[in-house]
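Nothing fancy with the numbering, it's 1 onward along the sequence.
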Amino acid sequence: MIEQTARQLAEEIIKSQYGQALIEAKKAYDADDEAKAMLQQYIDKQNAFQNKLAFGNVTDEEKDAYYNEINELNNAIKGRGTSGALYRAETDFNDFTQSIFNLITTALQNAIAPENAGGGCSGSCSTCAGCH
């Protein structure tokens, strides 16, 4: 029963505006070969630098150059239409699911220790009555 309810909750989360926005953003990103190439370049640069750190001496100048380059590439990825939209959709979806997990956790804690109920955050700003 609980497992079925969890599956139904997952289905409802996917049907939500956040789930649908993530699906649409993922489809657009998947069709954008340049955006995928930019992300792969970012990953490759990170891996190469990590290998360099692990196997050799890296000067402060090399570190600074790497951090500047990786930050520029990161900003370019986030600024690109499809990858930026995917990043924002993932962030919104993760925030939404975290608020649901917070609601579940709070409900469980309140059921286990009702004497502590009433003073905590429910995880959903829409139900917030303000600060305690």
Colleague: Out of the candidates D92, I14, L86, only one should pair with L22 under the side chain to side chain contact (heavy atoms under 4.5 Å, CB included) rule; please name it.
Modeller: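 For L22, the side chain to side chain contact (heavy atoms under 4.5 Å, CB included) check succeeds only for L86.
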
Colleague: Could you state the interatomic distance from CD (Q109) to CG (N102), rounded to the nearest 0.5 Å?
Modeller: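 Those atoms lie 9.5 Å apart.
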
Colleague: Could you measure the distance from the CG atom of N71 to the OH atom of Y67? Nearest 0.5 Å is fine.
Modeller: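 Atom-to-atom, N71:CG and Y67:OH are 9.5 Å apart.
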
Colleague: Under 3.5 Å, is there a donor-acceptor pair linking the side chains of N94 and E90?
Modeller: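 Result is no, nothing qualifies.
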
Colleague: Starting at CE of M38, measure out to CG of N74 and round the result to the nearest 0.5 Å.
Modeller: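 Rounded to the nearest 0.5 Å, the CE-CG separation comes out at 9.5 Å.
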
Colleague: Of all the heavy-atom pairs spanning G81 and R88, show the shortest one and how long it is.
Modeller: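 In terms of heavy atoms, the two residues are closest at O-NH2, 4.4 Å.
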
Colleague: Salt bridge or not between D30 and K27? Use side-chain N to carboxylate O under 4.0 Å.
Modeller: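 Not counted as a salt bridge, because no side-chain N and carboxylate O are separated by less than 4.0 Å.
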
Colleague: Taking side chain to side chain donor-acceptor pair (under 3.5 Å) as the test, write out the residues that go with D44, two or more places apart.
Modeller: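 In terms of side chain to side chain donor-acceptor pair (under 3.5 Å), with neighbours along the sequence ignored, D44 is linked to Q40.
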
Colleague: How many angstroms lie between CD in Q8 and CD in E11, if you round to the nearest 0.5 Å?
Modeller: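 So the gap between those two atoms works out to 7.0 Å.
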
Colleague: What's the spacing between Y18 OH and I100 CD1 if we round to 0.5 Å?
Modeller: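 Between atom OH of Y18 and atom CD1 of I100 there are 9.5 Å.
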
Colleague: Looking at D64, I'd like to know if its CG atom is crowded, meaning that more than 12 non-hydrogen atoms belonging to other residues, nucleotides or ligands lie closer than 6.0 Å.
Modeller: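 Check passes, neighbour count above 12.
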
Colleague: Report the C-alpha separation of L9 and T5 in whole Å, then their side-chain angles, then the decisive distance to 0.1 Å, and conclude whether the side-chain contact (heavy atoms from CB on, under 4.5 Å) test is met.
Modeller: CA-CA 6 Å; L9 177 59; T5 302; 5.6 Å; no

Colleague: Going by salt bridge (charged side-chain N to carboxylate O under 4.0 Å, His left out), name the pairs with one or both residues in residues 46-55, residues two or more places apart or in two chains.
Modeller: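 Residue pairs with at least one partner in residues 46-55: K52-E62.
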
Colleague: Whether the side chain of S83 engages the backbone of I77 through a donor-acceptor N/O pair (distance < 3.5 Å, no angle test) should be reported.
Modeller: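 Yes.
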
Colleague: When the aromatic ring centroids of Y66 and F49 are compared, is their separation below 6.0 Å?
Modeller: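 Yes, they do, as the ring centres are separated by less than 6.0 Å.
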
Colleague: For the CG atom of L73 and the NZ atom of K45, what is their distance to the nearest 0.5 Å?
Modeller: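 L73 atom CG to K45 atom NZ measures 7.0 Å (nearest 0.5 Å).
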
Colleague: Would you indicate whether the side-chain heavy atoms of T82 and E34 approach each other to under 4.5 Å?
Modeller: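 Result no, sub-4.5 Å side-chain heavy-atom pair not found.
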
Colleague: Give every residue pair that meets the ring-ring contact (aromatic ring centres under 6.0 Å, His included) criterion with at least one member in residues 27-48, sequence neighbours excluded.
Modeller: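 Of all non-adjacent pairs touching residues 27-48, none passes ring-ring contact (aromatic ring centres under 6.0 Å, His included).
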
